[in-house]
Amino acid sequence: MSPDELKRKVAEAAFIYLEHLVQADWVLGIGTGSTVNRFIDCLAESSQTFVGAVSSSVQTTERLKTYNIKVIDINDVSEVMVYVDGADEVDPRFALIKGGGGALTREKIVASMANKFVCIVDESKLVDCLGDFPVPVEVLPLASHTVATQLSKLGGHPKLRSGLTDNGNCILDVSGLEIDEPDYWERTINDIPGVVTTGIFSLHRPQEIFVARADGSIDHRVGP
Ligand code: 5RP
């Protein structure tokens, strides 16, 4: 199956699973990326009722609005019942690298508010140890140089991504890190002054993951 077909398959599988759980008074959290876009398509085609959605990016907000799905400001909700998002890498214990699409900060905020985080990926995202995919780190523009220096001291090779995030910040994509202890690495990178967020999602891991296999079959895994 093509990568696009796998994204559609895994999004549909997660949607069918959640369709039975979602209640009319629920607020959903919606991530960012091409896999989540397929999930939004499923939402748009269904008659599922829910209060609305908290969005993790400008891109997702625009897509939700196109489908007349109500978008609720993050500050106006205290609880997100379920958050659905993709990932760039997933380790065997469900720690993630995210932020390939640049939306890591809002994604992490919404993930932290969610009662349940459901991650949807194809099997190309599964790894034994995080770090082959460069870790995105959102950084205040005025601190990009000093943060890059600190990341180099930790053994990383930071590269400044062109453009700014939805929050007006820069992203450093850091290759060369072997994220064998994701909790430690998430905290260590977050502690560098000037860092807004690291794309390591270890302290707020998904509870459930849907994985599309190359043959189109779906694995539904519940977290350790
Ligand atoms: C965006 C993300 C995405 O979830 C991640 O990049 C995966 O995207 P895709 O579903 O397009 O492969 O973290 O910031």
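Ligands are counted one by one from 1 in listed order, and the atoms in each one are counted from 1 as well.
Below 30°, between 30° and 60°, or above 60°: for Y17 and F210 the angle between ring planes is between 30° and 60°, a tilted geometry.
Within the cation-pi definition used here (under 6.0 Å to the ring centroid, within 45° of the axis), K116 does not qualify as a partner of Y83.
Ligand 1 is surrounded by K7, T32, G33, S34, T35, D85, G86, A87, D88, K98, G99, G100, G101, G102, A103, E107, K125, each with at least one heavy atom closer than 4.0 Å.
In this structure, the ring of F117 has its center no less than 6.0 angstrom from the ring center of H204.
C119 has its side chain within reach of L96: a pair of non-hydrogen atoms, C-beta onward, lies under 4.5 Å apart.
A salt bridge links R38 with D41: the closest approach of a Lys/Arg side-chain nitrogen to an acidic carboxylate oxygen falls below 4.0 angstrom. Ionic pairing of K108 and E186 is present here: one or more N-O contacts between side-chain nitrogen and carboxylate oxygen are shorter than 4.0 angstrom.
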